[in-house]
Number of protein chains: 2
Amino acid sequence: MARPGVPSRPRAAGSAGHDTKRALVDAAIVTLKSRGFNGASARTIAGEAGVNQALVFYYFGSVAELLLAALDAVSASRLERYSAGLEAVTDPASLISLAAEVFREDMSSGDISVLAEMVAGSSSNPELGVEVAKRIAPWKEFAGVAIESGFAASSLGPLLSGSEAPHVAVALYLGLEMLSHLEGDRSAAMSMFERLARLAPFLNALSAAPTPALEGDTP
Amino acid sequence: MARPGVPSRPRAAGSAGHDTKRALVDAAIVTLKSRGFNGASARTIAGEAGVNQALVFYYFGSVAELLLAALDAVSASRLERYSAGLEAVTDPASLISLAAEVFREDMSSGDISVLAEMVAGSSSNPELGVEVAKRIAPWKEFAGVAIESGFAASSLGPLLSGSEAPHVAVALYLGLEMLSHLEGDRSAAMSMFERLARLAPFLNALSAAPTPALEGDTP
DNA sequence: GTCTATACTTGGATAGAC
DNA sequence: GTCTATCCAAGTATAGAC
């Protein structure tokens, strides 16, 4: 149908509306969510996208590159949403509130599982692992900023600032997703946030009352 | 060499000292640690054990069954060690001390990664996931007992007892392993325990001083 | 840009010799 | 009980037609 001499803009007709490369990225995300890293082959992804398997290699060179592009897409959209919520974080209670909200969203959408699957799948593949690690760094940075915003005025601040707290937060995020996915039950993870929410007033109260026992070993 | 009519006790000679079935389980553990779930095929495991690939199916029926047997073996040895350390747990400080010690051991030995790989690998395979979930239950039970022992006398007890705390503990354990493995750096995880250890005296002090803000919503 | 066809590799699993 | 040989399915990747 396309006249010769008109190179770009593929797939003018039909359903997707955007080009094949984007369709493959979207299909990779869907496939990672539904069938995991092991199930995300060139064939299954291309099938999900409704295109031929060879196009994975035409556009991305390898399956791993496509999966990384999928991770990039999810990370970008999630971090954008996180950043929007960050402005409301001024104390521990609001931090917990934001964390609970984005976690629930990520569980429902399956977006965390894309990250978790890539982390898990990288264990067999060091080269892929390096690339995944690079893409986790922004999540840790975000966690660090969020924690700092939430605990800046708290006496717990010195205990958390500039420390390994972001690392632990991301690890917990990943672990909760994997365990919830395994057991097919996210209630335990969600009730953790409810517990924290009930603890929030107590944490907020610490903002004014310094606790000597917690200080003295952080420069 | 073996006379006919003497059926059992295979592999009398040689290095391993125990039979092939056990050798395959050990090789499966080694392979899960070094090459991950994806790399743990019948061929690679059998190669590690120095036996033929067909024996995986002769003894276990499928690769998945062998991997579950490997997980069972690791779980049994680790839970035995945990239980031994549990007797010394009487307050938050000793609980933190035990947690740090066993976590460091598990990281060094790679035993956690066996669990983490199986959890991660199960995401593509619901049937396997059910079996893995069954084998995680004892870890959660252990975590629950340990937390209860450590916080029984503390005012934080009501906040933790009978709750989702064991689930969160196991999730954090898994997440820290996966992230440390991915980044090739366990220092962040270990320094988290150092932080907690410094916090321990403060937590112990809470054992006598009840905190009204934390009570009232737990039956 | 997209497809068909194909080469090559790896992996699960079984049959049958020894 | 262990091995060789083999089958079959699935996956990566490339070549070339359209």
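Only heavy atoms go into these numbers, but all of them, side chains included; no hydrogens, no water, no symmetry mates. Numbered from 1 within each chain, the chains take letters A, B, ... in sequence-line order.
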Fill in the blank from the handout: In whole angstroms, the gap separating P of dT14(D) from CZ of F57(A) amounts to 8 Å
Problem - Whole-Å gap separating C1' (dT9(C)) and CZ (R43(B)) - result: 10 Å
Exercise for the section: Check the distance between dG1(C)'s P and F60(A)'s CZ and give it to me in whole angstrom. Expected result: 12 Å
Fill in the blank from the handout: Taken to the nearest whole Å, CG/L66(B) to C1'/dG11(C) is 14 Å
Problem - N-O pairing of E105(B) and R78(B) below 4.0 Å - result: yes
Problem - Whole-Å gap separating P (dT2(C)) and NZ (K21(A)) - result: 12 Å
Exercise for the section: Please check if any side-chain donor atom of D106(A) sits under 3.5 Å from a side-chain acceptor atom of Y82(A), or the reverse. Expected result: yes
Exercise for the section: Would you indicate what V56(B) reaches in the nucleic acid, counting non-hydrogen atoms under 4.0 angstrom: base, sugar-phosphate, or nothing? Expected result: nothing
Practice task
Determine: side-chain N/O of T20(A) to OP1/OP2 of dG1(C), distance under 4.0 Å, yes or no.
Solution key: no
Problem - DNA chain D: 5'-proximal contact among A54(A) and N38(A) (nearest heavy atom) - result: N38(A)
Handout entry: Any donor-acceptor N or O pair under 3.5 Å, side chains S94(A), S97(A)
Key = no
Exercise for the section: Would you tell me if any nitrogen or oxygen in the side chain of S41(A) comes within less than 4.0 Å of OP1 or OP2 on dG11(D)? Expected result: yes
Practice task
Give a yes/no on whether any side-chain N or O of Y58(A) is located under 4.0 angstrom from OP1 or OP2 of dC3(C).
Solution key: no
Fill in the blank from the handout: Result for 5'-nearest mapping on DNA chain D, choosing between A40(A) and N52(B), is N52(B)
Exercise for the section: Taking the side chain as every heavy atom from C-beta outward, state whether I147(B) and F142(B) have any atom pair closer than 4.5 Å. Expected result: no
Practice task
Could you check K134(B), K140(B), R135(B) and say which one makes a salt bridge (charged side-chain N to carboxylate O under 4.0 Å, His left out) with E183(A)?
Solution key: K140(B)
Fill in the blank from the handout: Of the listed dT14(D), dT2(C), dA13(C), the closest approach to the Y59(A) side chain comes from dT2(C)
Fill in the blank from the handout: L55(B) CG to dG1(D) C1', in whole Å, measures 7 Å
Fill in the blank from the handout: Whole-Å distance, Q53(A) CD to dT14(D) C1', equals 10 Å
Exercise for the section: Have a look at A42(B) and say if it touches a base, only the backbone sugar-phosphate, or nothing, with a 4.0 Å heavy-atom cut-off. Expected result: sugar-phosphate
